[in-house]
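Keep in mind that the numbers below use all heavy atoms, side chains included, and drop hydrogens, waters and symmetry copies.
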Amino acid sequence: MSLSLTIDDAGVERLAERIRSLGRSLGQRQELMVAIAFEGENQTRRRISEEKTAPDGTPWPSWSPGYAATRSPGTSLLEGGGELIDSIVSTADDDAAEWGSNLVYFAIHDQGGTDDMAPGPAAIPRRQMLGLSQDNEADIQRIVDDWIERRLEEQ
């Protein structure tokens, strides 16, 4: 009795080559990082203009009654004249994707006041804008997956 087994590994070799090619293209990933940064910027803008929640889903505290009385009708929490939302920018290179704001008061709203601050800023509750929710992470993962798929299709 004899047994003969033939293995056709051409498909495996092709896959291995595609994976090697993908590894070579990782050094040219600025396009991916730009897309991630842009998505993060847009997610942060949506958090301010629509969601009004921290990345973990915690609703932002409302204005204090005294502060609310100083606001114009129709003004939304953290939107005012639009300076805060307009200040959000993103940047990217081959190794990093970043987004945020350079406004000082963005940081105090994002992190909240502390007891060692002056009375006004110390009373500002945290309304976290930066960070990734599970949905945000899934959106970014889809961007990465799509980028990888395009690289593999080019092979």
Practice task
Please list, chain by chain and in numerical order, all residues satisfying side chain to side chain contact (heavy atoms under 4.5 Å, CB included) with E50, sequence neighbours excluded.
Solution key: R46
Practice task
Verify the distance criterion only: is there a donor paired with an acceptor across the side chains of Q43 and E39 at less than 3.5 Å?
Solution key: yes
Handout entry: CD1-CD1 distance between I143 and I148, expressed to the nearest 0.5 angstrom
Key = 12.5 Å
Problem - Partners passing salt bridge (charged side-chain N to carboxylate O under 4.0 Å, His left out) against D95 (at least two apart in sequence or in another chain) - result: R29
Fill in the blank from the handout: salt bridge (charged side-chain N to carboxylate O under 4.0 Å, His left out) filter on R45, not counting sequence neighbours, yields E41
Problem - pair R47-P55: side-chain heavy atoms closer than 4.5 Å - result: yes
Handout entry: Contacts of D139 that satisfy salt bridge (charged side-chain N to carboxylate O under 4.0 Å, His left out) - sequence neighbours left out
Key = R142
Handout entry: Close side-chain approach of F38 to M33, heavy-atom, < 4.5 Å
Key = no
Handout entry: With D56 via side chain to side chain contact (heavy atoms under 4.5 Å, CB included) - residues at least two apart
Key = A54, T58
Problem - Partners passing side chain to side chain contact (heavy atoms under 4.5 Å, CB included) against T91 (at least two apart in sequence or in another chain) - result: E98
Practice task
Give a yes or no on whether the backbone of L130 and the side-chain of Q128 come within a donor-acceptor separation of less than 3.5 Å.
Solution key: yes
Practice task
State the CD1-CG distance between I88 and L103, to the nearest 0.5 angstrom.
Solution key: 9.0 Å
Completion exercise
So ring-ring contact (aromatic ring centres under 6.0 Å, His included) across residues 86-115, not counting sequence neighbours, yields none
Problem - Residue list, salt bridge (charged side-chain N to carboxylate O under 4.0 Å, His left out) with R126, at least two apart or on another chain - result: none
Practice task
Calculate, to the nearest 0.5 Å, the distance between atoms OG1 and CG belonging to T44 and L132 respectively.
Solution key: 8.0 Å
Completion exercise
Rounded to the nearest 0.5 Å, the CD atom of E149 sits from the CZ atom of R151 at a distance of 11.0 Å
Practice task
Enter the distance from N136:CG to Q141:CD here, rounded to the nearest 0.5 Å.
Solution key: 13.0 Å
Exercise for the section: Can you run down the salt bridge (Lys or Arg N to Asp or Glu O under 4.0 Å) pairs that involve residues 100-124, sequence neighbours left out, and say none if there aren't any? Expected result: none
Exercise for the section: Please answer whether the main-chain N or O of S62 pairs with a side-chain N or O of R127 as donor and acceptor at a distance below 3.5 Å. Expected result: yes
Practice task
Please name all residues satisfying side chain to side chain contact (heavy atoms under 4.5 Å, CB included) with A37, sequence neighbours left out, ordered by chain then number.
Solution key: S90, A92, A97
Got a list of side-chain donor-acceptor pairs under 3.5 Å for residues 77-87, not counting sequence neighbours?
unit_1: E79; atom_1: OE2; unit_2: K52; atom_2: NZ; d: 3.2
unit_1: E79; atom_1: OE2; unit_2: S76; atom_2: OG; d: 3.1
unit_1: S87; atom_1: OG; unit_2: L84; atom_2: O; d: 2.6
unit_1: S87; atom_1: OG; unit_2: S101; atom_2: OG; d: 2.6

Practice task
Could you pull out all residues at least two apart from Y67 that satisfy ring pair (Phe, Tyr, Trp, His ring centres under 6.0 Å)?
Solution key: W63
